[in-house]
There are 12 protein chains.
Amino acid sequence: MRLLLINGPNLNNIGIREPEIYGNIGFSDYFDNLKQEFSGHSLDYFHSHSESAIAGKLHESQSDFDGVVLNAGAYSHTSVLLRDAVAAVSVPVVMVHISNVYSREKFRNQNIIAPVCKGIITGFGVDSYRLAILSLIR
Amino acid sequence: MRLLLINGPNLNNIGIREPEIYGNIGFSDYFDNLKQEFSGHSLDYFHSHSESAIAGKLHESQSDFDGVVLNAGAYSHTSVLLRDAVAAVSVPVVMVHISNVYSREKFRNQNIIAPVCKGIITGFGVDSYRLAILSLIR
Amino acid sequence: MRLLLINGPNLNNIGIREPEIYGNIGFSDYFDNLKQEFSGHSLDYFHSHSESAIAGKLHESQSDFDGVVLNAGAYSHTSVLLRDAVAAVSVPVVMVHISNVYSREKFRNQNIIAPVCKGIITGFGVDSYRLAILSLIR
Amino acid sequence: MRLLLINGPNLNNIGIREPEIYGNIGFSDYFDNLKQEFSGHSLDYFHSHSESAIAGKLHESQSDFDGVVLNAGAYSHTSVLLRDAVAAVSVPVVMVHISNVYSREKFRNQNIIAPVCKGIITGFGVDSYRLAILSLIR
Amino acid sequence: MRLLLINGPNLNNIGIREPEIYGNIGFSDYFDNLKQEFSGHSLDYFHSHSESAIAGKLHESQSDFDGVVLNAGAYSHTSVLLRDAVAAVSVPVVMVHISNVYSREKFRNQNIIAPVCKGIITGFGVDSYRLAILSLIR
Amino acid sequence: MRLLLINGPNLNNIGIREPEIYGNIGFSDYFDNLKQEFSGHSLDYFHSHSESAIAGKLHESQSDFDGVVLNAGAYSHTSVLLRDAVAAVSVPVVMVHISNVYSREKFRNQNIIAPVCKGIITGFGVDSYRLAILSLIR
Amino acid sequence: MRLLLINGPNLNNIGIREPEIYGNIGFSDYFDNLKQEFSGHSLDYFHSHSESAIAGKLHESQSDFDGVVLNAGAYSHTSVLLRDAVAAVSVPVVMVHISNVYSREKFRNQNIIAPVCKGIITGFGVDSYRLAILSLIR
Amino acid sequence: MRLLLINGPNLNNIGIREPEIYGNIGFSDYFDNLKQEFSGHSLDYFHSHSESAIAGKLHESQSDFDGVVLNAGAYSHTSVLLRDAVAAVSVPVVMVHISNVYSREKFRNQNIIAPVCKGIITGFGVDSYRLAILSLIR
Amino acid sequence: MRLLLINGPNLNNIGIREPEIYGNIGFSDYFDNLKQEFSGHSLDYFHSHSESAIAGKLHESQSDFDGVVLNAGAYSHTSVLLRDAVAAVSVPVVMVHISNVYSREKFRNQNIIAPVCKGIITGFGVDSYRLAILSLIR
Amino acid sequence: MRLLLINGPNLNNIGIREPEIYGNIGFSDYFDNLKQEFSGHSLDYFHSHSESAIAGKLHESQSDFDGVVLNAGAYSHTSVLLRDAVAAVSVPVVMVHISNVYSREKFRNQNIIAPVCKGIITGFGVDSYRLAILSLIR
Amino acid sequence: MRLLLINGPNLNNIGIREPEIYGNIGFSDYFDNLKQEFSGHSLDYFHSHSESAIAGKLHESQSDFDGVVLNAGAYSHTSVLLRDAVAAVSVPVVMVHISNVYSREKFRNQNIIAPVCKGIITGFGVDSYRLAILSLIR
Amino acid sequence: MRLLLINGPNLNNIGIREPEIYGNIGFSDYFDNLKQEFSGHSLDYFHSHSESAIAGKLHESQSDFDGVVLNAGAYSHTSVLLRDAVAAVSVPVVMVHISNVYSREKFRNQNIIAPVCKGIITGFGVDSYRLAILSLIR
């Protein structure tokens, strides 16, 4: 299975900022581990702060991938654009949140993109990515 | 690992009502499959329509289990009691939703119990249970 | 026709508390009168303060009854659980309110169960039960 | 008993638009059937799209009728005027809705006139009228 | 005076969970102390996680007690049922909160049962029970 | 113990306006009774309609008193100033309401000062003052 | 001065329904008294239940009158149409309410037409009309 | 094509009140120009302040016209009745607003009728009518 | 009749700040004119920026006056205290607003004191005072 | 006239995704048809998923174009930035929506950019573009 | 330049309560430092807990000062009165907040006085005063 | 001190569009003046319409700058992304608004980024930038 993992805004330096969560390895090392664990599948990675760049990537993903793991970060709570993009593409999209967004500020309780996703995984730290992949390759 | 799977109200006859999702096997057969897949762990099952019975079970679970998978059904959206129960016990609780609650009625967007759970898995059909177990035995 | 009449919480002593409405007969006498009036049909009665017990009864009712008259009392305004239970069963459910809930506290204007009922009868005192039966045996 | 049945706005061509509900008979035929069923009582009919005409009819009804069956249609959700009119007259008014307004658009959940009615019957199709008459002639 | 003290959901193990508040004695020891302090009165105790069981106990309490001290826990914020039960019984009910609910989550600011209670005592730790008894035996 | 009892706006003539509650004695007589009942402690009294005068008194109270009983009257529902004043002083403040504010106008359900008080006593008539003193001298 | 007094819906039988307020004279007698009191001015009267008829009258009033006294009844709280009509005409319009609308149902607190009126007189019983006339002939 | 142009309340004297927008010609002259411009089609005109009259006209329009241009004026923001009428008829209805309602009072942002219209044209002055006709004769 | 006219906060320099409304005379001259016009009655004047001073004056007014004209200025929209004060005194209080508060900021639409006043006069400039006096001496 | 047509996010593949609406031609063919129909004018096209790129284009458009047709897609409901951009430029901007946004999700009822546009055309499918051009070249 | 610095309620003992912010000097010492730093200007100081006293001072300030620095404390969030006072005076008023009110309780996000101030400086500790003075003497 | 001044969307041509505020010099000239005034510090400038570009710049700024002055323009009211970016970086960020956002549209009262800024300066025209720099170099 060809899978794409998308990290949205402010998710560029996970593992540098929060070593107590990930041990001493950064996200790229973590991603390498995921690749090894799921070596029977192909895993690609895309990161952008930009709402429009992520939307563009989602449109492209239709022809190139069988599943998308999307951590939309702050856009989860505000972006009608990404909702429309997810709804427009035929590839299944699984949304992940690293933290438990329900126990944070009230505006993070609202999730605009979730209604059009295949499923949502929330609050398991970086392990959320692994669970999302497991849900797609089932 | 000793795990407890709790099904809340109106979740007694999954697999009978919706064969198109589970194939021709009912929930008890599905649960047997889970037991086989996770044969290195012990899996118990508890079902009740009753808010107080579930709360009581959660209180008991502290001494008997290492993790709880909770599908609180309708109580997810209304029960301050179960929120307090989950917060009171030390065992980690993972909440699951079979359907994508975000794409249903607006009152199902509110989740009162989620802020005190370890994590939340939403919308993967019965596979949500399997992912929740995977998250706990990690 | 086999009909089940369910009285929810705090509806156990109608007729004792409010003699000015029912004359000197209690609800059981009133229910006997209903049985006589509809002697060509079978009428059963179930009362519980418990949300889960009522939900359980609704699930059972599918095989045993052709129609249910439900006075959910306070649960009408709060219970997502009973809404889901009514939606899950195939037997038609008619909701009744003894008092005109619209002219009472604002939180009694909200009715969570009504959208999935066959019909709603509100404000005719105990005569609401009789009208509900009439609507079902039509 | 002298009864008046009032149909409000957009209720002029019931039975023409929705034959699957009423069979092949229109509302006037249905009304004739009601007259036969309740031949011991007098039944009058009034239809208007106009809020003020209905209010005027309600004011007149006091001297001429013993009970009113009111299907206020869209005015149920917006008309303070008709609420005041129902409250001003001494004749009992029973409100009916043909459809289950609770399961439709959110603005149809609000009912401004209901608090001052004798009772409300909702969702039984045209049979709502018959039940309303039954409630009045009791 | 015959008094009944009711503890609602998640209030079963006070004194075990929070020793810093109660010293080394559990709630049963605390209750024994209350009994000694108010030895001229009879004190009974009832605990349940169940909304309906508490409602049932309130209905029974009318004939057996002269006053009720009710800590409804989470139900304080959600239960129309218990509000109706308290309103239905003639025995005076004093509501207590151990913690200052006003300084916690916003949904704990809402108190549905309070409007029909004799009085409310909030935030004095377990001493709230003692003050409630003092208010009743006055 | 040195205690200060503060009565806020419109609380100047309790006992004159509502004899059916206090018998034929006015508040000053009632206060004399309190002094006798708690003769082992010193009780002072301060009354003002003025938000700023009460705030000033609270600031002064820190050095002169061991506890404050505050009936803030209408300011309970509107005064951020008094909330800040209570939060700023180190002396414990117990808030009292004579009437059950929950059963009155909706704007009296909001309590801005309560979150920073030691405790709140509501609805016991003038006996609320006595209970508040009892809670402080414990 | 040529003045027009408009009574809106449900205001047709003032004086008949509420003799305790107006003594034994009906509105027409009251209006005759007004005419006498302001005999130096011409007073016309218009009553309608109909929003559109009142709007039409307001449009006409421009050429025929120097001031309008408008009791819009229930329309005060709902009618954007009458607001637009009052805003469209150049003749000054004074709004009156017989009762104190602020102390009634919450939906009567909203006044859609008031922002475009010359002034508003509320709560003086029928004397509101006299004060409105006094404000116009100043 | 047979087209009907409906002007709702307070739209009777466009062109007289606002010459700076329409030049020196009134609406009837403007309408004559429209007739000339679309001489291959038949154009009828209907104006009423009355909600019910417009509803009645919409019901009739089904048999007589192929399209309706509706400027509902103030009713756009309040009328459930006209929404139901537009939804009930099979003829396509295009809604127009002369002014940009979005930049006016907040209550003009709400449009109750729009969801059931074929399309909406807003803010082009009287040219809105011409564009609506162009959209229908396409 | 002994009347008291109270001007609340920021109403100290009417007539100085807005000469285009009052001509060249200040409020004291205007008040002198009122005294002359109503020479058969006694008129007193009280001005304060202070909520508590106005409340105190209202309490005193009971024994000294037969009616109060209250322009509470900004307090009209915020003061529960003054509402309680007006409700507590037996003397009739007529509220006046110089400007049309409905056409100003949204927070000036809320009027907390009005529900307990005898009547409210809004928007007639300083003439509002004269109309209020006329309503009281009737 | 020099016109610019801007398509915002997720509007890149109209005509491919929804052939039942546009026939078998894609948007570029449709745009070619528009160019032919309005051959006396120059038409340019700009598409971007990016809020900032569209804002930049709007700033540039001032010197190069006489009118802009803007389909802002999802940004219509969320973008204060584009509102400010449209307000900042002197060139007239006409907003278009292909679908009837009023009949879709509630969050699409809010339109942040519309108040500063020349006009809005909603719900005519791709014909909305043609009508917008017609409105500009008038 | 003659400047007035006003400290509102609960701001009397800054520097005593929070030494970690201001070092070991109290507000009066801090104010002396400001006077030295801005020795070319005159600086006056006024402190009051009282809303009306501050309003009175603002009215007086017109003739005596060229600028006002206002820390309204809790009144910032509640006082329509001070808003009206600031709007009424011609002297420029700069509002300051010592703390970042945006990161505190939600009710501190509302600022009623700010819309009529010259500018607002928020969150710089006591340095906010110095920045406010710098903005005025520019 | 190394300082970075960031101008967000639609802030590219300040000084060209509004000469009455800045005199005849554009923003670049103004920025040159700032550089001269603060010649002991280094000042850099970054402008972008793009939310993601600004976020990227903020992430970079950590290593290169000692303080950031951020005018986020429209993003102040909508961008959770920029809030998260400001919270993620260790460099202090001072937010500025040129205009008094409190006195403009209601949606500009909401400030999503402010809670995580060091301080906020609002409404002093371009002088806001100078004050922000003064606050940072203190």
Side-chain angles (χ1 to χ4, degrees), chain C residues 21-23 30 33-34 37-38 67-72 76-77 79-80 82-84 86-87 92-138, chain D residues 21-23 30 33-34 37-38 67-72 76-77 79-80 82-84 86-87 92-138:
Chain C
I21 302 183
Y22 313 91
Y30 174 78
N33 289 354
L34 283 181
E37 182 174 353
F38 299 102
V68 174
V69 176
L70 172 63
N71 183 342
S76 312
H77 316 302
S79 178
V80 177
L82 288 180
R83 175 201 180 102
D84 288 354
V86 170
V93 176
V94 172
M95 172 171 269
V96 299
H97 301 289
I98 293 177
S99 65
N100 184 340
V101 286
Y102 291 105
S103 61
R104 299 176 66 190
E105 300 93 338
K106 196 178 165 68
F107 61 78
R108 292 194 213 266
N109 276 327
Q110 180 182 36
N111 194 322
I112 290 186
I113 307 175
V116 294
C117 291
K118 179 185 186 310
I120 303 102
I121 291 173
T122 304
F124 298 95
V126 282
D127 203 34
S128 296
Y129 295 103
R130 197 177 61 90
L131 292 166
I133 292 170
L134 282 166
S135 79
L136 282 164
I137 63 181
R138 176 64 167 192
Chain D
I21 302 184
Y22 312 93
Y30 174 78
N33 290 354
L34 282 180
E37 181 174 354
F38 299 102
V68 173
V69 176
L70 173 63
N71 184 342
S76 311
H77 316 302
S79 179
V80 177
L82 288 181
R83 175 200 180 103
D84 288 355
V86 170
V93 176
V94 173
M95 172 171 268
V96 299
H97 300 289
I98 293 177
S99 65
N100 184 342
V101 286
Y102 291 103
S103 60
R104 298 176 65 190
E105 299 93 338
K106 196 177 165 68
F107 60 78
R108 294 195 211 265
N109 277 326
Q110 181 182 36
N111 193 323
I112 289 186
I113 307 175
V116 294
C117 292
K118 179 185 187 310
I120 304 101
I121 290 172
T122 305
F124 299 95
V126 281
D127 203 36
S128 297
Y129 295 103
R130 198 178 59 91
L131 292 166
I133 293 170
L134 282 165
S135 80
L136 282 164
I137 63 180
R138 176 64 164 188

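To find a chain, count down the sequence lines: A is the first, B the second, and so on, and within it residues start at 1. Only this structure's heavy atoms are used, side chains among them; waters, hydrogens and symmetry mates stay out. Just so you know, these numbers come straight off a predicted model, no measurement behind them.
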Visitor: Is there a side-chain contact (heavy atoms from CB on, under 4.5 Å) between V69(D) and M95(D)? Walk through the geometry before answering.
Guide: CA-CA 6 Å; V69(D) 176; M95(D) 172 171 268; over 6 Å; no
Visitor: Do the ring planes of H97(C) and H77(C) sit parallel (below 30°), tilted (30 to 60°) or perpendicular (above 60°)?
Guide: parallel
Visitor: Under 4.5 Å between any side-chain heavy atoms of V101(C) and N109(C), yes or no?
Guide: no
Visitor: Does any heavy atom of chain D fall under 4.5 Å from the side chain of R130(C), the backbone, both, or neither of them?
Guide: side chain
Visitor: With chain D, which of S103(C), C117(C), P115(C) has the greatest number of heavy-atom pairs at distances under 4.5 Å?
Guide: P115(C)
Visitor: Could you tell me which of S99(C), G123(C), S135(C) has the largest number of non-hydrogen atom pairs under 4.5 Å with chain D?
Guide: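 That would be S135(C).
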Visitor: How many angstroms lie between OH in Y102(D) and CG in N111(C), if you round to the nearest 0.5 Å?
Guide: 5.0 Å
